[in-house]
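Heads up, the thing below is written out as structure tokens.
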Number of protein chains: 2
Amino acid sequence: MDWCFEQRVVAHKCLPFGIRIACARLCWRSLALLCHAMCSGYQLKDFTVVTAPRTKTIDDIASMAGVSAATVSKVINNRPYVSAEKRATIERVIAETGFVPSQRARGLSKRRSFILGLLIPYTSDQLFSDPHLLECVRGIESEVNAREYNLLLSTARAPSEAASACVRLLRTDVIDGAIVLETHDLHQFSAMLGQRTGPLVFIGYPQAAAIPAVHADDYGGALAAMRHLLGAGHRRIGIISSHLRPFAIEERMRGVADALAEAGLMNDPALVALGDFSPESGEAAARALLGLADQPTAIFSLNDRMALGAMRAAAALGLHIPADLSLVGFDDVALAALATPQLTTVRQPGFALGAAAARLVFGLLDGVPLSASPVIPTELIVRGSTAARRAERA
Amino acid sequence: MDWCFEQRVVAHKCLPFGIRIACARLCWRSLALLCHAMCSGYQLKDFTVVTAPRTKTIDDIASMAGVSAATVSKVINNRPYVSAEKRATIERVIAETGFVPSQRARGLSKRRSFILGLLIPYTSDQLFSDPHLLECVRGIESEVNAREYNLLLSTARAPSEAASACVRLLRTDVIDGAIVLETHDLHQFSAMLGQRTGPLVFIGYPQAAAIPAVHADDYGGALAAMRHLLGAGHRRIGIISSHLRPFAIEERMRGVADALAEAGLMNDPALVALGDFSPESGEAAARALLGLADQPTAIFSLNDRMALGAMRAAAALGLHIPADLSLVGFDDVALAALATPQLTTVRQPGFALGAAAARLVFGLLDGVPLSASPVIPTELIVRGSTAARRAERA
DNA sequence: ATGATACCGGAAACCGCTTTACTATCTCAT
DNA sequence: ATGAGATAGTAAAGCGGTTTCCGGTATCAT
């Protein structure tokens with residue numbers, strides 16, 4: 001059996017001196033002994049490396065200010081029953097020493113970590129390159145910073161992975177609550193939801209009931225977009241939808257249907273083409289729509305990327321936008337404003353969504369009972385890609 | 001003076017019953033009393049809301065397994081001196097109860113929070129929409145996950161804000177270390193660097209000495225790009241650089257100069273046009289270059305976005321790429337592969353950069369002495385925008 | 001004066017886990 | 001047999017704050 005360092009044994013066996021290495025916190029002297037022994041071929045076993053202790057603790061501040069730690073705590077937490085002079089003294093000492101309490105210890109006592117989790121299940125990488133996400137994060141951050149919280153980022157490749165990561169983060173006390181960006185299948189989450197501790201809010205449409213969520217007014221946005229086109233005199237409006245049907249798309253389609261009904265128009269299935277959100281699929285869908293005998297005079301694409309593809313298709317077919325064809329997108333991605341002509345579209349309220357989600361989590365943390373899921377309004381941005389319908393066969 | 005709830009007083013004054021509300025942890029009964037009192041118009045003062053305690057603690061597990069908490073801790077931390085049978089028992093109990101230790105308490109004892117900070121000083125929003133960033137984050141995450149760490153996200157509008165946020169996070173013990181995405185002026189950071197506790201690694205070129213950093217091989221990338229063009233026979237190569245000169249650009253320019261020198265060519269200042277990284281500025285710069293009497297046959301743009309602008313300029317001038325003009329970019333943004341023709345460019349090793357930075361932080365945390373800043377190789381991706389120079393005046 | 005009540009301040013307990021320090025048992029060469 | 005050395009296990013002491021609980025003044029109406 002190899003010789004080894006074991007706490008109690010070190011002193012007797014390996015080291016000829018009368019000094020024992022009592023604890024893992026090595027002083028220079030014991031360190032030297034250790035080095036010597038290790039150079040002689042001994043192995044270390046059952047040892048731990050501890051990092052340096054805190055430079056200043058609340059007790060130091062307390063003794064410097066001539067009070068007890070409890071009083072310092074009161075001052076730090078801005079609580080009553082501290083005389084003005086003591087408070088001033090303590091505040092001065094804190095300012096002088098630049099003392100900041102340890103969130104680790106604080107969290108243990110207060111049973112809060114002051115950290116919110118942000119879970120991004122990015123099955124598709126585009127999520128990150130999506131400026132909408134940046135806006136969401138900014139919105140979340142603004143609320144989080146206002147409450148002196150922090151934001152923990154966790155991305156996961158698969159939704160199931162995200163669900164377990166989320167539960168783990170919550171159960172290990174790392175975070176106080178979490179915001180989850182919409183996932184196609186929330187089933188994964190709902191299965192693990194019972195195991196969690198702490199609030200969870202989704203940005204998107206909750207498919208399971210009783211899951212707090214915030215979402216944009218997709219319905220209203222689509223309604224506004226369609227009304228805009230209908231108001232401009234368009235009667236045959238092509239729709240570029242998707243064969244993938246997340247809730248947001250369903251809602252937008254509902255808005256489309258209602259707008260058509262409002263105008264007394266039929267919902268002609270021939271005028272609906274399906275894509276997969278990519279520009280290429282949008283181009284193909286637009287070609288299909290424009291190839292109809294009774295060509296539509298306007299197209300509403302349910303996302304911007306497909307609308308940009310439709311723009312290409314129109315150009316290829318020699319159609320001028322907006323003279324020959326009006327085009328409306330959805331999302332207001334950065335490219336929408338850079339395209340020629342600039343794309344009329346419905347803006348996603350990213351910042352507001354993020355902020356609302358964060359507020360919801362904080363509310364839940366504070367015990368505010370959950371009310372209805374907030375719906376954040378969308379905004380129609382009218383730019384150069386839409387115009388009044390030209391007179392018939394002009 | 002208003003009547004108020006104060007811990008000791010509650011019982012005598014506000015409540016006629018013999019029950020005192022001894023602690024803030026309200027049971028239903030005392031809660032009912034409180035509600036009653038408040039409905040009668042009394043105010044609450046000096047109260048705290050505490051969240052529920054942990055459902056299961058290590059002590060519960062210990063008693064369930066019939067051992068002491070210390071032994072359970074040994075098992076959890078995979079340390080020796082636990083008999084196989086006890087270990088098995090404890091592991092079974094842990095599995096059955098689904099117990100996970102509290103990171104809060106763990107962090108306090110171990111003096112580690114198991115959280116790494118990621119600081120993104122996004123003066124310009126494009127940072128986030130930059131897929132390169134996503135790759136960096138993915139690289140960091142892969143290392144972080146491997147070590148069962150977590151990632152805390154902190155964005156800041158100004159570098160000074162980022163510096164203070166970073167120092168605060170470090171000093172409050174929230175994070176164990178941090179990775180900072182390159183900032184134009186590190187001076188802000190170096191000023192506060194002394195106040196920090198814990199390692200800090202930059203992704204980018206450290207302008208102050210002795211700051212650990214990792215960066216991409218911008219020099220080598222530019223060298224490879226230029227060699228590629230020179231090898232294809234090009235002799236007059238326009239450079240689209242920038243009037244902003246972060247270190248990365250300096251390095252790329254150095255690569256350009258060395259490649260030219262290698263080929264025995266002069267570094268003609270007339271062939272260098274300046275932009276501001278945007279596509280528009282790239283377009284303008286390309287127009288300027290292509291308007292020269294002695295038109296270049298190739299252009300090397302120091303970033304992709306300007307290269308894409310240059311592509312537009314070439315198209316507008318009726319030049320075909322790569323037949324009339326070869327074009328090389330730098331970064332390999334997503335659009336580079338989607339452009340027509342596909343852009344030859346130098347790929348930023350985002351994932352590797354992130355991973356290297358994370359490894360560096362962990363190394364520093366483990367006390368590994370700092371060696372030289374790692375340089376991550378870049379890769380020339382040859383696509384359709386470059387071709388051999390056509391015979392003179394063909 | 002004198003309770004009654006409000007304001008202050010501190011000792012001690014606690015949050016949940018890790019580490020120390022020490023005892024007890026087992027192994028094994030002498 | 002026996003003491004040295006290795007292994008197992010645990011009570012107790014932290015980690016760095018917060019909260020409880022209680023005693024001591026200051027104030028104030030009677």
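Each chain gets a letter, A, B and so on, in the order its sequence line appears, and its residues count up from 1.
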* Asked: What integer distance in Å separates A/Lys110:NZ from C/dG16:P?
  -> 16 Å
Under 3.5 Å, sequence neighbours excluded: what are the donor-acceptor pairs made by side chains of residues 355-365 of chain A?
| residue | atom | partner | partner atom | Å |
| --- | --- | --- | --- | --- |
| A/Arg359 | NH1 | A/Glu143 | OE2 | 2.9 |

* **Spacing of A/Ile179 atom CD1 and A/Leu200 atom CG [to the nearest 0.5 Å]** => 9.5 Å
* Can you tell me how far P of C/dC7 sits from NZ of A/Lys86, to the nearest Å? -> 17 Å
* **side chain to side chain donor-acceptor pair (under 3.5 Å) involving A/Arg54 - partner list, sequence neighbours excluded** => B/Asp173
* Asked: Of the candidate nucleotides D/dG17, C/dG16, C/dG9, which contains the atom at the shortest distance from the side chain of A/Leu108?
  -> C/dG16
* **Results of side-chain contact (heavy atoms from CB on, under 4.5 Å) for B/Ser73 - residues two or more places apart only** => B/Ile58, B/Asn77
* Members of residues 58-65 of chain B that approach DNA chain D, where some heavy atom sits under 4.0 Å away -> none
* To do: Look at B/Ser102 and C/dG16 and indicate whether a side-chain polar atom (N or O) is within less than 4.0 Å of OP1 or OP2.
  => no
* Roughly, in whole Å, what's the span from CZ in B/Arg112 to C1' in D/dG14? -> 19 Å
* Mind checking the OG1-CG spacing from A/Thr155 to B/Leu151? Nearest 0.5 Å is all I need. => 8.5 Å
* Asked: Which residue lies toward the 5' end of DNA chain D, B/Val67 or A/Thr57, if each is placed at its nearest nucleotide?
  -> B/Val67
* To do: Mind checking side-chain contact (heavy atoms from CB on, under 4.5 Å) for B/Leu108 and listing every partner two or more places apart, or none if nothing turns up?
  => A/Arg104, A/Ala105, A/Leu108
* So which of B/Leu116, B/Leu118, B/Leu170, B/Asn150 actually passes side-chain contact (heavy atoms from CB on, under 4.5 Å) with B/Ile175? -> B/Leu170
* CZ of B/Arg87 versus P of D/dA8: gap in Å, rounded? -> 9 Å
* With sequence neighbours left out, write down each residue that passes side chain to side chain donor-acceptor pair (under 3.5 Å) with B/Glu96, or none if nothing qualifies. => B/Arg92
* Asked: Is any side-chain nitrogen or oxygen of A/Arg106 closer than 4.0 Å to OP1 or OP2 of D/dT18?
  -> yes
* Residue pairs involving residues 92-117 of chain A (criterion ring pair (Phe, Tyr, Trp, His ring centres under 6.0 Å); sequence neighbours excluded) -> A/Phe114-A/Tyr149
* **Phosphate OP1/OP2 of C/dC14 contacted by A/Arg111 side-chain N/O (<4.0 Å)** => no
* Structure fact -> Sorted by number, residues from residues 69-78 of chain A placing a heavy atom under 4.0 Å from DNA chain D are A/Ala70, A/Ser73, A/Asn77
* Asked: Roughly how many Å is it from CZ in B/Arg79 to C1' in C/dT20, rounded to a whole number?
  -> 10 Å
* Asked: Between the side-chain atoms of A/Ser109 and the base atoms of D/dG17, is any donor-acceptor pair under 3.5 Å?
  -> yes
* Within less than 4.0 Å of OP1 or OP2 of D/dT7, is there a side-chain N or O belonging to B/Tyr81? -> yes
Which pairs would a plain distance check flag for residues 82-89 of chain B, meaning a side-chain donor or acceptor within less than 3.5 Å of a matching protein atom at least two apart in sequence or in another chain?
| residue | atom | partner | partner atom | Å |
| --- | --- | --- | --- | --- |
| B/Ser83 | OG | B/Lys86 | N | 3.4 |
| B/Arg87 | NH2 | B/Arg79 | O | 2.7 |
| B/Thr89 | OG1 | B/Glu85 | O | 2.8 |

* Asked: Phosphate oxygens OP1/OP2 of D/dT7: is one of them under 4.0 Å from a side-chain N or O of B/Ser83?
  -> no
* Asked: salt bridge (charged side-chain N to carboxylate O under 4.0 Å, His left out): which pairs involve residues 64-73 of chain A, sequence neighbours left out?
  -> none
* Which ones in residues 167-175 of chain A lie close to DNA chain D, meaning a heavy atom under 4.0 Å from one of its atoms? -> none
* Partners passing side-chain contact (heavy atoms from CB on, under 4.5 Å) against B/Val167 (at least two apart in sequence or in another chain) -> B/Arg171, B/Met192, B/Gln195
* Taking CZ from B/Arg104 and P from D/dG17, how many angstroms apart are they, rounded to a whole number? -> 16 Å
* Whole angstrom value for the distance that separates C1' of C/dG9 from CD of A/Glu85 -> 12 Å
